[in-house]
Amino acid sequence: MAADTLFRRITDYAHRADPYPLYAELREAGVVRQEDGSYLVGTYHEIAALLHDPRISSDRRNRAVPDETAAGEQGVPPSFIGLDDPEHHRLRRLAMRSFGPPHTPGRIDAMEGEITRIVKDLIAGFEGKKRIDIVDDFAYPLPVTVICRLLGVPTEDEPRFRLWSDTIVAGFDPTPGEDPAERQRAGSEARKAMGLYLGELAEKRRNRPSDDMLSAFINNEGPDGRLTQLEIMTTAVLLLIAGHETTVNLITNGILTLLRHPDELDRLRSEPPLMPKAVEELLRYEPPVQMLPQRTPLADIEVLGVTIPKGAPLILMLASGNRDPQRFRDPDRFDPTREDNQHLGFGSGMHSCFGAPLARMETQLALTALIQHLDKPRLVEDPPPYRRSPVLRGPRHLLIEDDRAGA
Amino acid sequence: MNVVVDLNRCQGYAQCAFLAPQVFTMHGEESLLYTPVIAEDQDERVRRAAAACPVQAIVVGKEAGSGAR
Ligand code: HEM
Ligand code: SF4
């Protein structure tokens, strides 16, 4: 089939359960221009190079044809994931002050006990059920509870921000064909509403700090200044969404992949120290963030003999790079002991994932506890039903039956 | 003994310093300090740090020179 329809086919919901053959076709085709003027890159080395190239912008306002997400947000600027250096660097550093080293080196490590306890409580909640939904009963509530605790957001407000979050995620769904303007406008509105909500929570903690990031954002003043009110809002929205819309998929993809590879599941059950490497392999093999749809070249650039014009939408297919045989031996094989696994699951370069240490720890603890608890788990449906988004890809539900599920 | 690593060469914003903060310490934003002699109770943390290091620069276990213990 024509290479210029690849993006339409990749984003087509019918291919959500298994987009990997399409990625192979993409790597074969090289850099391909799509019907709508956007460009796709799916080979590992080219993606990695572009992620380190200062001529590639993450700010959608640099597009030749700015869309609603860029133009429609009256007064609400992008968060740092959508900005370039030096602004990106300034904001990321200010946010990092209250999240990790050098200023707060122990924050993630100190959460281990609490994450372990939340995992245990969720597993205790299986009691009396023969059939559990890994998404609703486990993989979704865990990161939500953790990110709420980290930011200082009441978990009871989850129904409120879940709605906003769904709308925001739908707003940046790049699926072509349907008119995106309405979705993008709704996404911007939701982003504003969530920002106001989080800004208010932060404001309540001014001069009354508790041990959470919103408190730190509003009260801490470092040598390089502090976040403004508006920056606190956009940064908190970014952390809340990035913190739970992705980890849910890594945990769920993890269980799904292990149930499809029972020998590896048995091995991890008897050798728990292998889990950290197994999670890296999951990030390569079934990455929760399949693509980065928001890059734009600031000048004409040439990649694999194709000129990508300044201002064109540039889409980097991380999940395809992760299966590139030029980089990974036997790339379609799930191998939890793989050496040399520099995957693109958390991106690469200046925007590489801010929350990676937390996501790694949550997933390692969650998968270890879950496979120790379950006895002979069976998938009820394979493939399971998937969430809509082609960017943040993962099952909507994952039903399993187990003799011990609720024991 | 402490060893200093140039953080400008790290491809992952010092993942190790988040996951095993008693062993790998950021020294400002430019360099990383680490203690090659690792206490027993840090094993699991160091294993997590090793898996997360994007360039597999951390070697754990016997091959890392058990003489250091
Ligand atoms: C398994 C879970 C996760 C995956 C797969 C993931 C993946 C990614 C990827 C691929 C990027 C790069 C985006 C780009 O280059 O445009 C990114 C950036 C980011 N992630 Fe994550 N993420 C995860 C969990 C988290 C968590 C738990 C948090 C927050 C605590 C978080 C916060 C962020 C932020 C703030 C950025 C923007 C970084 C920047 O622009 O400098 N992520 N993530
Ligand atoms: S050991 Fe790895 S993660 Fe740590 S600073 Fe060096 S390269 Fe980065």
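Heavy atoms only: backbone and side chains are in, while hydrogens, waters and symmetry mates are out. A note on names: the letters A, B, ... follow the listed sequences, proteins ahead of strands, and every chain is numbered from 1.
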Check whether B/Phe18 gets within reach of chain A through its side chain, its backbone, both or neither, counting any heavy atom under 4.5 Å.
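When you check distances to chain A, atoms from both the backbone and side chain of B/Phe18 fall under 4.5 Å.
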Select one option (side chain, backbone, both, neither) describing which atoms of A/His52 are under 4.5 Å from chain B's heavy atoms.
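Side chain of A/His52 only, per the 4.5 Å heavy-atom cut-off to chain B.
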Contact class of A/Gln342 relative to chain B, heavy atoms under 4.5 angstrom
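Both backbone and side chain.
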Can you tell me if A/Gln326 has over 12 outside heavy atoms packed within less than 6.0 Å of its CD?
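Result for CD/A/Gln326: open.
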Over 12 non-hydrogen atoms of neighbours within 6.0 angstrom of NE2 in A/His103:
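Result for NE2/A/His103: enclosed.
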Top contributor to chain B contacts, counting heavy-atom pairs under 4.5 Å, from A/Ala356, A/Pro101, A/Pro102, A/Cys353:
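Greatest number of close heavy-atom pairs with chain B: A/Pro101.
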Measure the spacing between CE of A/Met361 and CZ of B/Arg45 and express it to the nearest 0.5 Å.
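So the gap between those two atoms works out to 8.0 Å.
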Rounded to the nearest 0.5 Å, what's the gap from CZ on A/Arg360 to CZ on B/Arg48? Could you check?
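If I round to the nearest 0.5 Å, the distance is 12.0 Å.
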I need the contact set between residues 86-97 of chain A and chain B: heavy-atom distance under 4.5 Å, sorted by residue number.
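Residues in range: A/His88, A/Arg92, A/Arg93, A/Met96.
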Tabulate, in ascending numerical order, the residues of residues 265-279 of chain A having at least one heavy atom closer than 4.5 Å to a heavy atom of chain B, or enter 'none'.
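So the qualifying residues are A/Pro273, A/Pro276, A/Lys277.
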What heavy-atom pair brings B/Leu19 and A/Pro357 nearest, and what distance separates the two atoms?
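For B/Leu19 and A/Pro357, the tightest heavy-atom pair comes out as CD2-O, 3.7 Å.
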Under 3.5 Å: donor-acceptor pair, side chain of B/Tyr13, backbone of A/Met350:
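Looks like yes, one N/O pair under 3.5 Å.
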For the candidates B/Cys53, B/Ala52, B/Ala49, B/Pro54, which exhibits the highest count of non-hydrogen atom pairs separated by less than 4.5 Å from chain A?
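Of B/Cys53, B/Ala52, B/Ala49, B/Pro54, B/Ala52 has the most heavy-atom pairs under 4.5 Å with chain A.
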